[in-house]
There are 2 protein chains.
Amino acid sequence: MSNIKDFSSKLRNSGLRPTKQRIKICEILFNKEKTFHFSINELAQIISKETVDKISLATIYNTVQAFLKKGYLKEISINSDKSYYDTNTTNHHHFYDEDKKELIDIDYEEVEPVIVKKVPPSKKIKSIEVLIKVQNR
Amino acid sequence: MSNIKDFSSKLRNSGLRPTKQRIKICEILFNKEKTFHFSINELAQIISKETVDKISLATIYNTVQAFLKKGYLKEISINSDKSYYDTNTTNHHHFYDEDKKELIDIDYEEVEPVIVKKVPPSKKIKSIEVLIKVQNR
DNA sequence: TATAGAGATTATAACTATTCTAAACTAGAA
DNA sequence: TTCTAGTTTAGAATAGTTATAATCTCTATA
(Lines give C-alpha, C1' and ligand atoms only; values in the text may rest on other atoms or scores of the structure.)
Protein backbone atom coordinates (compact mmCIF):
# COMPACT_ATOMS: atom_id res chain seq x y z
CA MET A 1 0.00 0.00 0.00
CA SER A 2 1.52 3.27 -1.04
CA ASN A 3 1.34 6.33 1.13
CA ILE A 4 1.59 10.03 0.40
CA LYS A 5 5.39 10.07 0.64
CA ASP A 6 5.62 7.32 -1.96
CA PHE A 7 3.33 9.08 -4.39
CA SER A 8 5.19 12.28 -3.82
CA SER A 9 8.53 10.81 -4.80
CA LYS A 10 7.05 8.78 -7.64
CA LEU A 11 5.57 11.90 -9.11
CA ARG A 12 8.80 13.82 -8.66
CA ASN A 13 10.82 11.03 -10.23
CA SER A 14 8.73 11.17 -13.37
CA GLY A 15 9.04 14.93 -13.64
CA LEU A 16 5.61 15.81 -12.27
CA ARG A 17 5.48 18.26 -9.43
CA PRO A 18 3.76 16.56 -6.50
CA THR A 19 0.85 18.85 -5.80
CA LYS A 20 -1.87 17.99 -3.34
CA GLN A 21 -4.35 17.48 -6.16
CA ARG A 22 -2.11 14.99 -7.94
CA ILE A 23 -1.37 13.13 -4.73
CA LYS A 24 -5.06 12.87 -3.94
CA ILE A 25 -5.77 11.51 -7.41
CA CYS A 26 -2.93 9.01 -7.01
CA GLU A 27 -4.42 7.83 -3.75
CA ILE A 28 -7.75 7.26 -5.38
CA LEU A 29 -6.38 5.55 -8.46
CA PHE A 30 -3.48 3.53 -7.20
CA ASN A 31 -4.36 2.55 -3.63
CA LYS A 32 -6.72 -0.17 -4.79
CA GLU A 33 -5.98 -3.84 -4.62
CA LYS A 34 -7.95 -4.31 -7.84
CA THR A 35 -7.36 -2.34 -11.03
CA PHE A 36 -10.28 -0.29 -12.12
CA HIS A 37 -11.86 1.39 -15.07
CA PHE A 38 -13.25 4.87 -15.05
CA SER A 39 -14.40 7.79 -17.09
CA ILE A 40 -13.39 11.33 -16.17
CA ASN A 41 -16.84 11.92 -14.84
CA GLU A 42 -16.78 8.87 -12.61
CA LEU A 43 -13.39 9.89 -11.27
CA ALA A 44 -14.65 13.40 -10.60
CA GLN A 45 -17.54 12.01 -8.59
CA ILE A 46 -15.29 9.80 -6.49
CA ILE A 47 -13.01 12.75 -5.83
CA SER A 48 -15.86 14.97 -4.74
CA LYS A 49 -17.03 12.30 -2.33
CA GLU A 50 -13.61 11.66 -0.84
CA THR A 51 -12.26 15.18 -0.49
CA VAL A 52 -13.17 18.32 1.35
CA ASP A 53 -11.54 20.80 -0.99
CA LYS A 54 -12.70 20.16 -4.50
CA ILE A 55 -10.43 19.59 -7.48
CA SER A 56 -11.49 21.36 -10.63
CA LEU A 57 -12.54 19.37 -13.66
CA ALA A 58 -9.73 20.92 -15.69
CA THR A 59 -7.17 19.61 -13.23
CA ILE A 60 -8.67 16.15 -13.37
CA TYR A 61 -8.40 16.18 -17.16
CA ASN A 62 -4.85 17.51 -17.01
CA THR A 63 -3.78 14.95 -14.43
CA VAL A 64 -5.27 12.01 -16.26
CA GLN A 65 -3.56 13.17 -19.45
CA ALA A 66 -0.26 13.49 -17.60
CA PHE A 67 -0.56 10.03 -16.05
CA LEU A 68 -1.50 8.64 -19.44
CA LYS A 69 1.60 10.13 -21.02
CA LYS A 70 3.78 8.77 -18.24
CA GLY A 71 2.27 5.33 -18.68
CA TYR A 72 0.51 5.12 -15.32
CA LEU A 73 -2.83 4.82 -17.04
CA LYS A 74 -4.03 3.26 -20.23
CA GLU A 75 -6.84 4.48 -22.42
CA ILE A 76 -9.45 1.92 -23.42
CA SER A 77 -11.48 1.99 -26.60
CA ILE A 78 -15.09 1.07 -26.33
CA ASN A 79 -17.39 2.36 -29.02
CA SER A 80 -18.50 5.20 -26.99
CA ASP A 81 -19.16 8.79 -26.44
CA LYS A 82 -16.55 9.25 -23.80
CA SER A 83 -13.04 8.13 -22.89
CA TYR A 84 -12.35 5.35 -20.44
CA TYR A 85 -9.13 4.73 -18.57
CA ASP A 86 -7.62 1.71 -16.89
CA THR A 87 -5.19 1.59 -13.99
CA ASN A 88 -4.02 -1.77 -15.28
CA THR A 89 -1.35 -0.84 -17.79
CA THR A 90 -0.15 -4.36 -18.42
CA ASN A 91 -1.11 -6.26 -21.55
CA HIS A 92 -4.62 -7.50 -21.07
CA HIS A 93 -7.95 -7.59 -22.78
CA HIS A 94 -11.56 -6.77 -21.94
CA PHE A 95 -15.06 -8.01 -21.89
CA TYR A 96 -17.63 -5.31 -22.39
CA ASP A 97 -20.94 -6.18 -20.82
CA GLU A 98 -23.53 -4.67 -23.10
CA ASP A 99 -26.28 -5.05 -20.54
CA LYS A 100 -24.53 -3.48 -17.57
CA LYS A 101 -22.38 -1.21 -19.77
CA GLU A 102 -19.45 -2.44 -17.77
CA LEU A 103 -15.89 -3.29 -18.63
CA ILE A 104 -14.26 -6.40 -17.18
CA ASP A 105 -10.57 -7.25 -17.30
CA ILE A 106 -9.58 -10.50 -18.88
CA ASP A 107 -6.39 -12.00 -17.55
CA TYR A 108 -3.81 -12.20 -20.24
CA GLU A 109 -3.65 -15.97 -19.91
CA GLU A 110 -7.37 -16.31 -20.48
CA VAL A 111 -7.00 -15.35 -24.13
CA GLU A 112 -4.72 -17.30 -26.41
CA PRO A 113 -2.09 -14.99 -27.86
CA VAL A 114 -3.35 -13.20 -30.95
CA ILE A 115 -1.32 -14.17 -33.98
CA VAL A 116 -1.16 -11.81 -36.93
CA LYS A 117 0.37 -13.11 -40.12
CA LYS A 118 1.16 -9.81 -41.84
CA VAL A 119 1.84 -6.28 -40.62
CA PRO A 120 1.66 -3.25 -42.95
CA PRO A 121 5.06 -2.52 -44.55
CA SER A 122 7.58 -0.65 -42.40
CA LYS A 123 5.25 -0.65 -39.42
CA LYS A 124 5.68 -2.31 -36.08
CA ILE A 125 3.02 -3.44 -33.66
CA LYS A 126 2.53 -1.10 -30.75
CA SER A 127 -0.32 -2.88 -29.03
CA ILE A 128 -2.95 -5.54 -29.53
CA GLU A 129 -6.30 -5.02 -27.90
CA VAL A 130 -9.10 -7.51 -27.88
CA LEU A 131 -12.55 -6.33 -26.95
CA ILE A 132 -15.13 -9.06 -26.49
CA LYS A 133 -18.66 -7.78 -26.28
CA VAL A 134 -20.95 -10.01 -24.29
CA GLN A 135 -24.65 -9.93 -23.50
CA ASN A 136 -27.15 -11.92 -21.47
CA ARG A 137 -27.71 -15.41 -22.73
CA MET B 1 -22.52 -2.19 -59.15
CA SER B 2 -25.80 -1.15 -57.68
CA ASN B 3 -27.93 1.56 -59.18
CA ILE B 4 -30.68 3.73 -57.78
CA LYS B 5 -33.40 1.12 -58.41
CA ASP B 6 -31.45 -1.47 -56.48
CA PHE B 7 -30.93 0.78 -53.49
CA SER B 8 -34.54 1.79 -53.61
CA SER B 9 -35.80 -1.74 -53.31
CA LYS B 10 -33.16 -2.75 -50.81
CA LEU B 11 -34.23 0.10 -48.58
CA ARG B 12 -37.87 -0.73 -48.99
CA ASN B 13 -37.22 -4.40 -48.26
CA SER B 14 -35.66 -3.55 -44.95
CA GLY B 15 -38.50 -1.26 -43.98
CA LEU B 16 -36.80 2.02 -44.73
CA ARG B 17 -38.63 4.40 -47.01
CA PRO B 18 -36.38 5.10 -49.99
CA THR B 19 -35.99 8.85 -49.83
CA LYS B 20 -33.65 10.70 -52.10
CA GLN B 21 -31.35 11.47 -49.20
CA ARG B 22 -31.04 7.82 -48.22
CA ILE B 23 -30.46 6.74 -51.80
CA LYS B 24 -27.73 9.31 -52.22
CA ILE B 25 -26.05 8.12 -49.03
CA CYS B 26 -26.31 4.53 -50.26
CA GLU B 27 -24.64 5.47 -53.50
CA ILE B 28 -21.78 7.06 -51.65
CA LEU B 29 -21.34 4.27 -49.15
CA PHE B 30 -22.05 1.13 -51.10
CA ASN B 31 -20.96 1.85 -54.67
CA LYS B 32 -17.31 1.39 -53.82
CA GLU B 33 -15.28 -1.63 -54.77
CA LYS B 34 -13.33 -1.30 -51.50
CA THR B 35 -14.94 -1.05 -48.10
CA PHE B 36 -14.26 2.15 -46.31
CA HIS B 37 -14.14 3.77 -42.93
CA PHE B 38 -15.59 7.14 -42.11
CA SER B 39 -16.70 9.50 -39.43
CA ILE B 40 -19.98 11.38 -39.73
CA ASN B 41 -18.05 14.51 -40.53
CA GLU B 42 -16.08 12.89 -43.32
CA LEU B 43 -19.28 11.49 -44.79
CA ALA B 44 -20.92 14.91 -44.60
CA GLN B 45 -18.02 16.42 -46.52
CA ILE B 46 -18.20 13.81 -49.26
CA ILE B 47 -21.93 14.37 -49.55
CA SER B 48 -21.55 18.11 -49.86
CA LYS B 49 -19.00 17.65 -52.62
CA GLU B 50 -21.07 15.16 -54.56
CA THR B 51 -24.51 16.69 -54.31
CA VAL B 52 -26.22 19.86 -55.35
CA ASP B 53 -28.97 19.86 -52.76
CA LYS B 54 -27.47 19.46 -49.34
CA ILE B 55 -28.46 16.84 -46.81
CA SER B 56 -28.77 18.09 -43.27
CA LEU B 57 -26.43 16.80 -40.61
CA ALA B 58 -29.36 15.45 -38.62
CA THR B 59 -30.40 13.31 -41.57
CA ILE B 60 -26.89 11.99 -41.98
CA TYR B 61 -26.86 10.99 -38.32
CA ASN B 62 -30.30 9.43 -38.60
CA THR B 63 -29.42 7.52 -41.73
CA VAL B 64 -26.16 6.16 -40.37
CA GLN B 65 -27.98 5.06 -37.23
CA ALA B 66 -30.67 3.39 -39.32
CA PHE B 67 -28.11 1.57 -41.48
CA LEU B 68 -26.25 0.54 -38.36
CA LYS B 69 -29.39 -0.94 -36.86
CA LYS B 70 -30.16 -2.78 -40.09
CA GLY B 71 -26.65 -4.17 -40.16
CA TYR B 72 -25.47 -2.37 -43.30
CA LEU B 73 -22.78 -0.60 -41.32
CA LYS B 74 -20.63 -1.52 -38.37
CA GLU B 75 -19.35 0.80 -35.70
CA ILE B 76 -15.64 0.67 -34.97
CA SER B 77 -14.05 1.50 -31.64
CA ILE B 78 -10.84 3.42 -31.78
CA ASN B 79 -9.88 5.37 -28.69
CA SER B 80 -11.35 8.48 -29.93
CA ASP B 81 -13.44 11.52 -29.63
CA LYS B 82 -15.81 10.55 -32.39
CA SER B 83 -17.49 7.51 -33.86
CA TYR B 84 -16.20 5.67 -36.88
CA TYR B 85 -18.16 3.40 -39.17
CA ASP B 86 -17.22 0.65 -41.57
CA THR B 87 -19.05 -0.51 -44.67
CA ASN B 88 -17.47 -3.91 -44.18
CA THR B 89 -19.88 -5.65 -41.84
CA THR B 90 -18.25 -9.06 -42.02
CA ASN B 91 -16.14 -10.38 -39.20
CA HIS B 92 -12.76 -8.73 -39.49
CA HIS B 93 -10.24 -6.82 -37.49
CA HIS B 94 -8.27 -3.62 -37.84
CA PHE B 95 -4.87 -2.10 -37.84
CA TYR B 96 -4.82 1.46 -36.61
CA ASP B 97 -1.92 3.42 -38.04
CA GLU B 98 -0.91 5.78 -35.27
CA ASP B 99 1.17 7.91 -37.62
CA LYS B 100 -1.40 8.43 -40.34
CA LYS B 101 -4.36 8.11 -37.92
CA GLU B 102 -5.79 5.67 -40.40
CA LEU B 103 -7.73 2.46 -40.04
CA ILE B 104 -6.89 -0.55 -42.19
CA ASP B 105 -8.98 -3.69 -42.57
CA ILE B 106 -7.37 -6.99 -41.73
CA ASP B 107 -8.74 -9.97 -43.58
CA TYR B 108 -10.27 -12.43 -41.20
CA GLU B 109 -7.83 -15.12 -42.27
CA GLU B 110 -4.87 -12.92 -41.44
CA VAL B 111 -5.57 -13.23 -37.75
CA GLU B 112 -5.73 -16.59 -36.05
CA PRO B 113 -9.12 -17.05 -34.40
CA VAL B 114 -9.18 -15.53 -30.95
CA ILE B 115 -9.75 -18.17 -28.32
CA VAL B 116 -11.25 -17.21 -24.98
CA LYS B 117 -11.18 -19.76 -22.22
CA LYS B 118 -13.87 -18.30 -19.95
CA VAL B 119 -16.87 -16.08 -20.50
CA PRO B 120 -18.60 -14.28 -17.60
CA PRO B 121 -21.44 -16.39 -16.15
CA SER B 122 -24.74 -16.37 -18.06
CA LYS B 123 -23.29 -14.21 -20.81
CA LYS B 124 -22.76 -15.03 -24.44
CA ILE B 125 -20.25 -13.53 -26.83
CA LYS B 126 -21.71 -10.97 -29.18
CA SER B 127 -18.57 -9.95 -31.01
CA ILE B 128 -14.82 -10.12 -30.83
CA GLU B 129 -12.87 -7.16 -32.08
CA VAL B 130 -9.12 -7.00 -32.37
CA LEU B 131 -7.48 -3.62 -32.77
CA ILE B 132 -3.78 -3.70 -33.53
CA LYS B 133 -2.11 -0.36 -33.19
CA VAL B 134 0.94 0.03 -35.38
CA GLN B 135 3.51 2.76 -35.82
CA ASN B 136 6.56 3.45 -37.98
CA ARG B 137 9.45 1.10 -37.39
C1' DT C 1 13.91 31.70 5.62
C1' DA C 2 12.45 34.71 1.89
C1' DT C 3 11.54 35.08 -2.77
C1' DA C 4 11.28 34.62 -7.82
C1' DG C 5 9.42 32.28 -11.36
C1' DA C 6 8.20 27.98 -13.75
C1' DG C 7 4.76 24.98 -13.37
C1' DA C 8 -0.16 24.00 -11.64
C1' DT C 9 -4.78 25.00 -10.64
C1' DT C 10 -9.00 27.26 -11.37
C1' DA C 11 -13.42 29.13 -13.26
C1' DT C 12 -15.21 29.87 -17.20
C1' DA C 13 -15.50 30.35 -22.14
C1' DA C 14 -15.15 27.94 -26.33
C1' DC C 15 -15.42 24.09 -29.17
C1' DT C 16 -16.88 19.61 -31.14
C1' DA C 17 -19.74 15.64 -31.55
C1' DT C 18 -24.19 14.20 -31.03
C1' DT C 19 -29.13 14.24 -29.82
C1' DC C 20 -33.51 16.56 -29.42
C1' DT C 21 -37.45 19.34 -31.00
C1' DA C 22 -41.05 20.83 -33.50
C1' DA C 23 -42.40 22.44 -37.86
C1' DA C 24 -42.51 21.45 -42.78
C1' DC C 25 -42.25 18.07 -46.26
C1' DT C 26 -43.00 13.68 -48.95
C1' DA C 27 -43.65 8.74 -50.32
C1' DG C 28 -47.01 5.87 -51.25
C1' DA C 29 -51.45 3.55 -49.72
C1' DA C 30 -56.21 4.12 -50.40
C1' DT D 1 -55.91 13.31 -55.48
C1' DT D 2 -55.80 13.06 -50.62
C1' DC D 3 -54.22 11.64 -46.24
C1' DT D 4 -50.94 10.39 -42.97
C1' DA D 5 -47.07 8.13 -40.99
C1' DG D 6 -42.55 8.45 -41.71
C1' DT D 7 -38.69 11.81 -42.94
C1' DT D 8 -36.11 15.77 -43.26
C1' DT D 9 -34.69 20.06 -41.59
C1' DA D 10 -32.69 24.11 -38.99
C1' DG D 11 -31.57 25.21 -34.97
C1' DA D 12 -31.53 24.61 -29.95
C1' DA D 13 -29.82 21.78 -26.37
C1' DT D 14 -26.57 18.70 -24.22
C1' DA D 15 -22.26 16.30 -23.09
C1' DG D 16 -17.44 15.67 -23.25
C1' DT D 17 -13.30 17.93 -23.77
C1' DT D 18 -9.88 21.64 -24.60
C1' DA D 19 -8.35 26.49 -24.35
C1' DT D 20 -7.66 30.82 -21.86
C1' DA D 21 -5.99 33.86 -18.71
C1' DA D 22 -5.75 35.03 -13.99
C1' DT D 23 -4.23 33.30 -9.69
C1' DC D 24 -1.75 30.30 -6.86
C1' DT D 25 2.03 27.16 -5.17
C1' DC D 26 6.01 24.31 -5.29
C1' DT D 27 10.84 24.45 -4.91
C1' DA D 28 15.49 26.06 -6.26
C1' DT D 29 18.66 29.35 -4.76
C1' DA D 30 20.04 33.51 -2.63
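So you know, we letter chains A, B, ... as the sequences are listed, proteins then strands, and number each from 1. Everything numeric here is computed off the predicted structure, so don't read it as measured data.
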What integer distance in Å separates [X]:[atom1] from [N]:[atom2]?
X	N	atom1	atom2	answer
A:Y84	D:dG16	OH	C1'	11 Å
B:N13	C:dG28	CG	C1'	15 Å
B:Q65	C:dT19	CD	C1'	10 Å
B:R17	D:dA5	CZ	C1'	6 Å

Hydrogens and angles aside, do A:N136 and B:K123 bring a side-chain donor and acceptor to less than 3.5 Å of each other? yes

B:E75-B:S83 side chain donor-acceptor pair, cut-off 3.5 Å: yes

Any donor-acceptor pair under 3.5 Å linking the side chain of A:K70 with the backbone of A:S14? yes

For the backbone of B:T35 and the side chain of B:N88, can you confirm whether one donor and one acceptor N or O come within less than 3.5 Å of each other? no

Regarding the side chain of A:K82, the nearest nucleotide among C:dT10, D:dG16, D:dC26 is D:dG16

Between D:dT9, C:dA8, D:dT18, spot the one nearest the side chain of B:T59, thanks. D:dT9

Please give me every residue in residues 49-57 of chain B whose heavy atoms get under 4.0 Å of an atom in DNA chain D, ordered by residue number. B:K54, B:I55, B:S56

Which residue lies toward the 5' end of DNA chain C, B:T19 or B:S83, if each is placed at its nearest nucleotide? B:S83

